[in-house]
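For ligands, and for the atoms within them, numbers begin at 1 and follow the listed sequence.
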Amino acid sequence: MTILDGKAAAADIKAEIAKEVARRTEQGLKRPHLAAILVGHDGGSETYVASKVKACGECGFDSTLIRLESTDDAPLSQDELMARVQELNDNPDIDGFIVQLPLPRHIDEQAVIEAIRPDKDVDGFHPVNVGRQSIGLPCFHSATPAGIVELLRRNGITTKGKRVVIVGRSNIVGKPLAAMLMQKGDMGDATVTVCHSATPNLVDVTRQADILVAAMGRPGFITADMVSDGVTVVDVGTTRVPDATRKSGFRLCGDVDFAAVSPKCEAITPVPGGVGPMTIVSLMMNTLEAARRHDANR
Ligand code: NAP
């Protein structure tokens, strides 16, 4: 059984990106510049944004973190957030930017996503990028699916002719991953089934998987009886579960019962250290690509 080590793969990719950034600066090209807007102080979002800023440093990128306060007494207005998005759209030094999700409930999240210029949308959430991806055109791929595909590729796990079952149909994981894996060509050509909460007899479907992707946010949901021998399992789930033995007071828990499922697997991702680091590194790859595209217009 192979552990699909996302942390190690991400370290390799960051070193490759840093080399290219060094080459770029030798040629007089600017460093890629990623900006992030963080609204409020959600614990998970703080951690994700801090990891992204750290990864920028490791890749030799410039990074800008824009913190916007929003409290019950003084909620951030939609107009103020849209204005900050527009500033980043118009700033020629910024190659790509993200608005860290989730946003406070009173904010229209979809309107914010659609306000981001598609050529700076390094999260790959804008409908232009989603649409281009679904028909196989060059675009910014959504970071988590792109990271999963890269992790499989780097571990020599092909998808051609494989039966892939994805449990979870979110716009950021399940749907874009299905679109990527069903494309013609390298790391595509899979037969993909997407399951969700209305799927009857889920176990009958998951047992057919050559590659099973769990993206539900239900800790330990995938049990040993739900997989067949020789399966490759990708666990996207990252739920914070209270754990008094940890300094933080919680641990990250995947959607797969790792101890019971892993003995049946040919390969499996751990949580943490599997998909998570690959998601962050995909964002870095998209930012580098955005900088390459902007070079022509500077
Ligand atoms: P999400 O928006 O939370 O949606 C969960 C999906 O799982 C939905 O499609 C839901 O079905 C489905 N689901 C829930 N319970 C189910 C059940 N009992 N049987 C079948 N399907 C069920 O999904 P997400 O945003 O993709 O997040 C999923 C998990 O991945 C979370 O733990 C999140 O933190 C994690 N995540 C990790 C990374 C990373 O980089 N590691 C990135 C993104 C997300 P319905 O559509 O029918 O409700």
Side-chain angles (χ1 to χ4, degrees), residues 3-7 9-10 13-14 36 42-52 54-55 98-103 105 109-110 113 122-125 130 140-152 164-181 192-209 212-223 225-227 233-242 250-258 268-286:
I3 298 285
L4 301 172
D5 186 344
K7 207 173 161 189
I13 296 168
K14 280 185 276 194
D42 173 75
S45 295
E46 292 269 4
T47 307
Y48 292 135
V49 168
S51 304
K52 290 166 188 175
K54 181 166 171 261
I98 62 160
V99 180
Q100 184 66 43
L101 304 180
L103 291 168
R105 277 164 194 259
E109 202 165 273
Q110 191 57 30
I113 290 170
V122 285
D123 254 341
F125 294 163
V130 175
F140 291 122
H141 291 282
S142 182
T144 302
I148 291 170
V149 169
E150 187 62 16
L151 185 60
L152 294 174
V164 178
V165 175
I166 303 170
V167 190
R169 57 176 162 184
S170 72
N171 289 343
I172 62 168
V173 184
K175 283 179 196 155
L177 181 61
M180 286 173 83
L181 294 176
V192 184
T193 304
V194 181
C195 302
H196 42 75
S197 63
T199 302
N201 306 322
L202 185 63
V203 62
D204 293 344
V205 188
T206 56
R207 273 196 199 139
Q208 292 174 33
L212 176 66
V213 181
M216 312 157 74
R218 301 252 185 263
F221 187 93
I222 302 292
T223 46
D225 60 308
M226 297 177 76
V227 302
V233 170
V234 176
D235 190 351
V236 185
T238 44
T239 306
R240 286 180 167 204
V241 175
F250 68 85
R251 69 192 150 85
L252 284 184
C253 200
D255 288 345
V256 178
D257 179 351
F258 186 92
I268 184 167
T269 62
V271 177
V275 175
M278 294 303 292
T279 296
I280 290 169
V281 99
S282 296
L283 181 66
M284 301 299 124
M285 287 164 81
N286 279 350

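A side chain to side chain contact (heavy atoms under 4.5 Å, CB included) with V227 holds for exactly one of T206, I222, V203; it is I222.
With hydrogens and angles ignored, the 3.5 Å screen pairs no side-chain donor or acceptor of N201 with any backbone N or O of D204. Judged by distance alone, with hydrogens and angles left aside, the side-chain atoms of T269 form a donor-acceptor pair with the main-chain N or O of D235 at under 3.5 Å. A donor-acceptor pair is defined here as one N or O able to donate and one able to accept, closer than 3.5 Å; no such pair exists between the side chain of T144 and the backbone of V173. Side chain of S142 to main chain of I172: a donor-acceptor pair is present (N/O by atom type, distance under 3.5 Å, no hydrogens or angles). Judged by distance alone, the side chain of R218 and the main-chain N or O of T239 form no donor-acceptor pair under 3.5 Å.
Close approach of ligand 1 to G276 (heavy-atom distance below 4.0 Å) involves ligand atoms 40 (O), 41 (N). Atoms of ligand 1 found under 4.0 Å from any heavy atom of T279, numbered from 1 in the order shown, are 39 (C), 40 (O). If you number the atoms of ligand 1 from 1 as listed, the ones under 4.0 Å from a heavy atom of S170 come out as 2 (O), 23 (O), 24 (P), 25 (O), 26 (O). Proximity to F221 (heavy-atom distance under 4.0 Å) selects the following atoms of ligand 1: 18 (N).
With atom 29 (C) of ligand 1 as the reference point, the heavy atom nearest to it among P219, P145, G217, G147 is part of G217. Closest heavy-atom approach to atom 19 (N) of ligand 1 within the set M278, R240, M216: this belongs to M216.
For the residue pair R169 and T199, no side-chain donor N or O sits within less than 3.5 Å of a side-chain acceptor on the partner.
Residue contacts with ligand 1: R218 is placed with a nitrogen or oxygen under 3.5 Å of a nitrogen or oxygen of the ligand (distance criterion only). Between T238 and ligand 1, a contact under 3.5 Å exists for at least one N or O pair.
At a heavy-atom distance under 4.0 Å, no atom of T199 approaches ligand 1. Proximity of T144 to ligand 1, defined as any heavy-atom pair under 4.0 Å, is confined to the side chain (atoms from C-beta onward).
Heavy-atom separations between G237 and ligand 1 include at least one value shorter than 4.0 Å. At least one heavy atom of A215 sits closer than 4.0 Å to an atom of ligand 1.
Given atom 25 (O) of ligand 1, the protein heavy atom at minimum distance is I172 CD1, 3.8 Å. In terms of protein heavy-atom proximity, atom 45 (P) of ligand 1 is closest to S197 OG, 3.4 Å. For atom 21 (N) of ligand 1, the nearest protein heavy atom (residue, atom name, distance) is H196 C, 3.1 Å. Given atom 46 (O) of ligand 1, the protein heavy atom at minimum distance is R169 NE, 2.7 Å. Counting only heavy atoms of the protein, atom 12 (C) of ligand 1 lies nearest to G168 CA, 4.0 Å. Nearest protein heavy-atom neighbour of atom 43 (C) of ligand 1: V173 CG2, 3.7 Å. Atom 36 (N) of ligand 1 has V236 O, 3.6 Å as its closest protein atom, hydrogens excluded (heavy atom only).
Y48 places none of its side-chain heavy atoms less than 4.5 Å from the side chain of L283. In this structure, the side chains of D255 and V167 stay at 4.5 Å or more apart for every pair of heavy atoms. The side-chain heavy atoms of V256 and L212, taken from C-beta on, include no pair separated by under 4.5 Å.
Judged as a salt bridge (Lys or Arg N to Asp or Glu O under 4.0 Å), and not counting sequence neighbours, the contacts of R251 are D243. Under the salt bridge (Lys or Arg N to Asp or Glu O under 4.0 Å) criterion, K54 pairs with E58, sequence neighbours left out.
Under the 4.0 angstrom criterion, atom 40 (O) of ligand 1 counts as having a protein heavy-atom contact.
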